[in-house]
Novice: 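Mind looking over this structure? Questions follow.
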Amino acid sequence: MTGVVTRFAPSPTGFLHIGGARTALFNWLYARRHGGRFLLRIEDTDRARSTEAAIGAILDGLRWLELDHDGEVVYQSTRAAGHVEAAERLLAAGKAYRAYDTREDLEEMRKRRMAEGLKTRYDRGWRGRDPSEAPPDVRPVIRFKAPLEGESIINDLVQGEVRFDNDQFDDIVLLRSDGTPTYTLAVVVDDHDMGVTHVIRGVDHLTNAFQHSFIFGALGWDVPAFAHVPLIHGPDGARLSKRHGALSIAAYRDMGYLPEAVRNYLLRLGWAHGDDEIISTGQAIEWFGLDAVGRAPARFDVDRLDSLNAHYLKDAPDDRLARMVAERFAAASGGQPGGDALARLERGMPGLKIRAKTIVELTEKASFYLASRPLDLTPKAAKLLAGDGAPRLARLAPELGAIESWDAGALEAALRGFAEREGVTLGAVAQPLRAALTGSHESPGIFEVMAVLGRDETIARVGDAAGGS
RNA sequence: GUCCCCAUCGUCUAGAGGUCCAGGACACCACUCUUUCAAGGUGGAGACACGGGUUCGAUUCCCGUUGGGGACGCCA
């Protein structure tokens, strides 16, 4: 397939959340898969609810996820002239009409017809009435003449064949009484003008797709292919929304997730490729297809994201991780870690990163490498130094200065020898030492810690702990 | 209320009539490795919502029930 054009078209009424991110990802993947273009359009036709901050958050979120769009960002609000022109064309062709109902009339109609169980809400009163009957004090809207009978079919790339009886489509508003276009009109005109071939979005737009295709047809335009993907639900099965558990994509970044992990997680939510779980973005581009997208809504599962993130953390280069940790550490402590600290972090990263699920956790676990002496001890660490611990470290201290090469292998040999002479297990030496060096009872391998810390710092920290007894 | 969609382990899913007493992953539980905590390795428990059909044979096809979800704006 050539010439594929997809688009992500969020409305800037809030942050970019996980559901929107997945829609963006699917559109992006589909375009990349087919060597096509992925466009970004901001649907800000609701001037009252759109905000600059939301636009910024959406752009930032996409950038963080590394979902790059082709071409300039299109702002729907700048295209009103074309929308109005399309409405007028429909009016002139007799495919739309002016309706002079008041909001009160409509509200009453809605209630009455809802109560009667009728399908459409608007009674189409003005579809046949002569404009000369128009009340002088009501500014009209322009409504589209939806088909009255028969049925319509959409062959959705995800949902399959979907049929609707035409008698349930309202004559929707194209132009508001203030002359501004509605979403339905704007989407059709913009998708056409932008050459969009595949519309991939949430199922909540499924019924809109019918209205859209009527308008495409009335305007004499080709209808794009539709793919309506299921929504993401919260762990409780309820729809994820801004007021119900949905977090902005920035929140996931702040919680310490890697963009590649989030992408992999989102990809597997509703889409599968056999038993494959760890799927790189490159591989995803090769494999992604709409036919493998499921139709049932999926629940958001943090454990799974954590697990994927842990995997990508293990895969990530140490210098990248060290920079991320240093940044967070600096932000938390207000200071700026020096070059030495960054180098130490990087050397310690192999042992650190296999123990963390998120960058936040990684930062916590790395903190002992950056902490200044004397270290604060956790209660469990203090307990390790009580009793035999400290005196033993005092006996160990002089031997540390005599070790010839300060590397993990030599250190292990030295410590095992020391433990033997002390007549205790290695653990009886290693645990107090761990407490002295890390302030904690758990850490990366102790020989690695010593090697990363270096001889001087190690001896100093041991001295702090041994001297305290 | 009306219309539309969906339904496999707790969760994400594989499965396109016999290959399934249903596979993988996360989570969970053991064991193992071990200087701690992890990671790794091995093993375990755990699902085809229910009822009818169709068929020699249904997780897979059809219908219904139940249960979820979505849509019914001069919002997008």
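Letters A, B, ... mirror the listed sequences (proteins, then strands); counts begin at 1.
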Novice: Indicate, with a heavy-atom threshold strictly under 4.0 Å, whether A:K314 touches base, sugar-phosphate, or nothing.
Specialist: sugar-phosphate
Novice: Would you classify A:V141 as touching base, sugar-phosphate or nothing, given that sugar-phosphate means primed atoms plus P, OP1 and OP2, and contacts are heavy atoms under 4.0 Å?
Specialist: base
Novice: Kindly give the heavy-atom pair with the smallest separation between A:I58 and A:P10, and that separation in Å.
Specialist: CG2-CG, 3.8 Å
Novice: Of the options B:C4, B:C12, B:A76, whose atoms approach the side-chain atoms of A:R299 most closely?
Specialist: B:C12
Novice: Between A:R110 and B:C74, is there a side-chain N or O to OP1/OP2 distance below 4.0 Å?
Specialist: yes
Novice: As a test of reading the structure: which of B:G10, B:A38, B:U13 is closest to the side chain of A:R355, going by heavy atoms?
Specialist: B:A38
Novice: The side chain of A:R121 lies closest to which of these nucleotides: B:C3, B:C74, B:G1?
Specialist: B:G1
Novice: Which one, B:C26, B:C4, B:U36, comes nearest to the side chain of A:R304?
Specialist: B:C26
Novice: Compare the minimum distances between each of B:C5, B:C12, B:C74 and the side chain of A:V173, then state the nucleotide with the smallest one.
Specialist: B:C74
Novice: Would you say the side-chain atoms of A:T358 and A:N309 include a donor-acceptor pair closer than 3.5 Å?
Specialist: no
Novice: As a test of reading the structure: which of B:U36, B:A27, B:C74 is closest to the side chain of A:H441, going by heavy atoms?
Specialist: B:U36
Novice: Side chain of A:N208, base of B:A76: donor and acceptor closer than 3.5 Å?
Specialist: yes
Novice: With heavy atoms under 4.0 Å as the rule, sort A:D170 into base, sugar-phosphate or nothing.
Specialist: nothing
Novice: In the structure shown, which nucleotide is the Watson-Crick or G-U wobble counterpart of B:A71, with both distances under 3.5 Å?
Specialist: B:U2
Novice: Ignoring hydrogens and angles, are the base of B:C74 and the side chain of A:S177 linked by a donor-acceptor pair under 3.5 Å?
Specialist: yes
Novice: Under a 4.0 Å threshold between the charged nitrogen and the carboxylate oxygen, would A:R113 count as salt-bridged to A:D123?
Specialist: no
Novice: Categorize A:P444 for me: base, sugar-phosphate, or nothing, with a 4.0 angstrom heavy-atom threshold over every strand shown.
Specialist: base
Novice: Pairing check on B:U54: which nucleotide meets the Watson-Crick or G-U wobble criteria with it, both distances under 3.5 Å?
Specialist: none
Novice: Quick one: which of B:U36, B:C74, B:C26 gets closest to the side chain of A:L106?
Specialist: B:C74
Novice: Looking only at non-hydrogen atoms, find the nearest pair between A:A408 and A:A451 and report the distance.
Specialist: N-CB, 4.1 Å
Novice: Checking contacts here: which listed nucleotide (B:A27, B:U35, B:A76) is nearest the side-chain heavy atoms of A:Q76?
Specialist: B:A76
Novice: Pairing donors with acceptors under 3.5 angstrom, does anything connect the side chains of A:R328 and A:T363?
Specialist: no
Novice: By the 4.0 Å heavy-atom rule, please label A:R268 as base, sugar-phosphate, or nothing.
Specialist: base
Novice: Between the base of B:G23 and the side chain of A:D275, is there a donor and acceptor pair under 3.5 angstrom?
Specialist: yes
Novice: Describe the nucleic acid contact of A:H233 in one word from base, sugar-phosphate, nothing, applying a heavy-atom distance below 4.0 Å.
Specialist: sugar-phosphate
Novice: What is the pairing partner of B:U66, taking Watson-Crick or G-U wobble pairs with both distances under 3.5 Å in any strand?
Specialist: B:A7
Novice: Considering only side-chain heavy atoms of A:A272, which listed nucleotide, B:A14, B:C37, B:C74, is closest?
Specialist: B:A14
Novice: Describe the nucleic acid contact of A:R103 in one word from base, sugar-phosphate, nothing, applying a heavy-atom distance below 4.0 Å.
Specialist: base
Novice: Is a donor-acceptor pair below 3.5 Å formed from side chain A:R295 to base B:A7, judging by atom type as modelled?
Specialist: no
Novice: Give the nucleotide from the list B:A27, B:G69, B:G1 with an atom nearest to the side chain of A:D303.
Specialist: B:A27
Novice: With a 3.5 Å limit on both atom pairs, tell me what B:A39 is paired to, counting Watson-Crick and G-U wobble, or say none.
Specialist: none
